Structures are given as C-alpha cells and as structure tokens.
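For reference, the structure is listed below as structure tokens.
The structure presented is a predicted model; accordingly, all values stated were derived computationally and were not measured. First the proteins, then the strands, lettered A, B, ... as listed; each starts at 1.
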There are 2 protein chains.
Amino acid sequence: MVSSALHERVHELLVRDHQRYTSARRKLVDVLGAATHPLTIPEISHLDRGLAQSSTYRNLVVLERARAVQKVVANDEWYRYELAEELTDRHHHHLICSECGMVQDVEVPAALEQRLDQQLTEVASGAGFRLDHHRLDLVGRCADCA
Amino acid sequence: MVSSALHERVHELLVRDHQRYTSARRKLVDVLGAATHPLTIPEISHLDRGLAQSSTYRNLVVLERARAVQKVVANDEWYRYELAEELTDRHHHHLICSECGMVQDVEVPAALEQRLDQQLTEVASGAGFRLDHHRLDLVGRCADCA
DNA sequence: ATTTATGCAAATCGTTTGCAAACCT
DNA sequence: AGGTTTGCAAACGATTTGCATAAAT
C-alpha cells in the first residue's frame, strides 16, 4: 500500500532532524499514505487502533517539524494531517463541503498554479513578505449535501 | 470610524435572521469594522474591555449565521473574525507569517481573481461540488521574522 | 547503557453552556 | 409582560503534559 521508498524518504527526513523512525511513526505514515484526503486524529485512531492518541499527537508534531507531514485546517473542530507534498509529488488543494465538513483532495490546472505562484510571490514581496507557499481551499457543497 | 450605513446593513441582516441588534453586537461590529486584519477573541476583548468573552463568542456565532461576519482560520490557536466581504466590498485574502502568526489583509490582481473564480468553479463541478467561494492564504515570513 | 518514545491519566486552555438578572420591544 | 441577551462561573472537549515503563540505538 505504502511504498518502502516513501519510508526511506521519511526516515531520511527524521534522521536529518535527529529523530528516530519508530514503529508508531511508521504506522502513522502508513495510514496517512493510504488516505486520499487529510485525516483527523479520530480518523487516524480509527484506522489503526494500535496508535495511542497522545503518542499520535506527539508524533505528528515530530513529523511536521521534519517536514514529512503537513497540518491542514478545514472547517471542523479537528485539525487534519496529510503527507507533505514533497513526499507525494502531487501538489493539490482541498475541496471542503461547508455542510458536512467532508474534505477531498483536488488538483487545479498547472497553468493556473504557475500563474498563482508567480503573482502571489509578487504580491507578498510588495507587502514585505517572503512567500513560502500558498493555501487554496475550494469551499462549497458536496454532491450529497447540495 | 464605522459608518452608520454599515450598521444599517448589519441590522438588516440580523432582522432577516430574526435577531436583535443589541449594543454588544453593535460594539462588536465597531471593533471589527475598525480592524485591518481579522481579530482573535483576546484582541477583541482587549480593544473593547466592556465586552464579556462569553457574550462575544455567542454574538459572533449570531453574526456569522446572519452572514455579517466570517470566521477565519490562520495558523495559531485562536479563530479570527472579520466583517463579511459583502459588507466591506473589499475582496481580499490573507498574508500569514508562519513564524509569529501575524495576519494581514491583502488584495491580489483582479485579473487573477477572475481567472481563479472561473477555473475553480470548473474544477469543483468536475468533482460534483457546487463552489461557494475560495480561500487563498499566502504563507511566509513577515518583514520582522524573515 | 543511555537516550528517546510510549501510554496512561491528569492538566491545560480555548470555547460552550446553565442560570439568574438585565434588557428590549 | 414575554421573550431575548448578558455576564458570571462551571462544564466541555481537543490537545498537551508528567511520569513510570518499554523501545531504540
């Protein structure tokens, strides 16, 4: 399900950050790598009952600091987590249902991305910012809620 | 500081929602209307000491349901609130400093907005979504933190 | 062997809620 | 009067943390 190349890559990132790649962290990466949308902690716990919540919280912090995982904010009461784009090589954004809170990965045309990157960098530097990345969420009603 | 036309407009929205425009809600609109970036509850309390936190939380829910206020998620531990764009007529996005959490309103070129609206609507419907609006955040380092 | 991670239970803290008094209309 | 809002204090719940044990190197 999750390639060993991915585990290699995460391992590298953790080592670079003087962190260990323990079995709990590996399982966390397995769960996140199999998902098609960012997961909440309850979802993670449900998908792998062996993961203690407190350790999951702690490990997500570690993985985030090592840039293996990204925290995502949608609309509901939980944060969500996904593998970093550098690991998946799939630049994407999120479609969020404002009714049921459902979150789905989505990609937008490459030409649009390119133009966004370029123009937003300009806008940011005009305000004295060094742009790191952009977050683009599409908010609406999913097929079930419309 | 805050035009009475704005209060008129908010009043309308509340009446339409069978809600009263009380003095606490009016003061809340005053504070939000004077801000140049979305405010956290602590910021609001600090800007108007007369506002009890619990009532502020409750009133923000009321104002949000009436579409007078929008909840904004940045990076830090508090939600942020701003007047709805329909009231300010100033479509904008947010520049977020990933270091200090500072949030600043920013506008992007109209041509880009237009292209975004059009293409994102297409992308969304391709996924069975009815797009309501998009959220675009620029994440980077502010002048002080860079 | 020594350092780091784990899991449980307890603490934290932003947010929500119950309730009696104040407010509106 | 009749219903709504307010402010205080208590409750809630997602996240964090202390600590003794287990795992990793």
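- Computed from coordinates, the B:L14 CG to D:dT4 P distance equals 15 Å when rounded to whole Å.
- Each of A:V61 and B:T56 has a nearest nucleotide on DNA chain D; the 5'-most of these lies closest to B:T56.
- With a 4.5 Å cut-off on side-chain heavy atoms, A:R135 and B:N75 count as touching.
- Here D:dC12 presents its P atom at 20 Å from CD of B:Q53, a figure rounded to the nearest Å.
- Spacing between atom CG of B:D48 and atom C1' of D:dG7 amounts to 14 Å, rounded to whole angstrom units.
- For the pair B:K27 NZ and D:dT5 C1', the computed distance is 13 Å after rounding to whole Å.
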Output a table of donor-acceptor pairs, distance under 3.5 Å, between side-chain atoms of residues 90-104 of chain B and any protein atom two or more places apart or on a different chain; print 'none' if there are none.
residue: B:R90; atom: NH2; partner: B:D105; partner atom: OD2; Å: 3.1
residue: B:H91; atom: ND1; partner: B:E85; partner atom: OE1; Å: 2.6
residue: B:H91; atom: ND1; partner: B:E85; partner atom: OE2; Å: 3.3
residue: B:H91; atom: NE2; partner: B:H93; partner atom: NE2; Å: 3.4
residue: B:H91; atom: NE2; partner: B:E113; partner atom: OE1; Å: 3.1
residue: B:H91; atom: NE2; partner: B:E113; partner atom: OE2; Å: 3.2
residue: B:H92; atom: ND1; partner: B:E85; partner atom: OE2; Å: 3.4
residue: B:H92; atom: ND1; partner: B:R90; partner atom: O; Å: 3.0
residue: B:H92; atom: NE2; partner: B:E82; partner atom: OE1; Å: 3.0
residue: B:H92; atom: NE2; partner: B:H94; partner atom: NE2; Å: 3.3
residue: B:H93; atom: ND1; partner: B:L136; partner atom: O; Å: 3.3
residue: B:H93; atom: NE2; partner: B:E113; partner atom: OE2; Å: 2.6
residue: B:H94; atom: NE2; partner: B:E82; partner atom: OE1; Å: 3.0
residue: B:H94; atom: NE2; partner: B:D105; partner atom: OD1; Å: 3.4
residue: B:S98; atom: OG; partner: B:G140; partner atom: O; Å: 3.3
residue: B:E99; atom: OE1; partner: B:R141; partner atom: NH1; Å: 3.3

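- In terms of phosphate contacts, B:T22 brings a side-chain nitrogen or oxygen within less than 4.0 Å of OP1 or OP2 of D:dT6.
- At a cut-off of 3.5 angstrom, counting only N and O atoms as typed in the model, there is no donor on one side facing an acceptor on the other between the side-chain of A:R49 and the base of C:dG7.
- Transitive grouping of hydrophobic side chains (ILVMFWY, heavy atoms separated by less than 4.5 Å) keeps A:L83 and A:V72 in distinct clusters.
- A:Y21 places its OH atom 17 Å from the C1' atom of D:dA23, with the value rounded to the nearest Å.
- At the phosphate of D:dT15, OP1 or OP2 sits under 4.0 Å from a side-chain N or O atom of A:Y57.
- For the pair B:N59 CG and C:dT16 P, the interatomic distance rounds to 13 Å; values are reported in whole Å.
- Taking CZ of B:R80 as the reference point, atom CD1 of B:I41 lies at 11.0 Å (rounded to 0.5 Å).
- Taking every heavy atom of both residues into account, A:L131 and A:A124 meet most closely at CB-CB, 3.9 Å.
- Positionally, the nearest nucleotide of DNA chain C for A:R25 lies more toward the 5' end than for the other of A:R25 and B:E77.
- Straight-line distance from the OH atom of A:Y79 to the C1' atom of D:dT16: 13 Å, rounded to whole Å.
- At a threshold of 4.0 angstrom between heavy atoms, the contacts of B:R58 include nucleobase atoms, whether or not backbone atoms are also involved.
- Residue side chain A:R20 reaches the base of C:dT3 through a donor-acceptor N/O pair under 3.5 Å, judged by distance alone.
- Both A:L51 and B:K71 sit near DNA chain C, but only A:L51 has its closest nucleotide nearer the 5' end.
- Contact annotation: A:Q19 side-chain N/O to D:dA24 OP1/OP2 distance is not under 4.0 Å.
- For A:W78 and D:dT16, the CH2 to P distance is 15 Å, given to the nearest whole Å.
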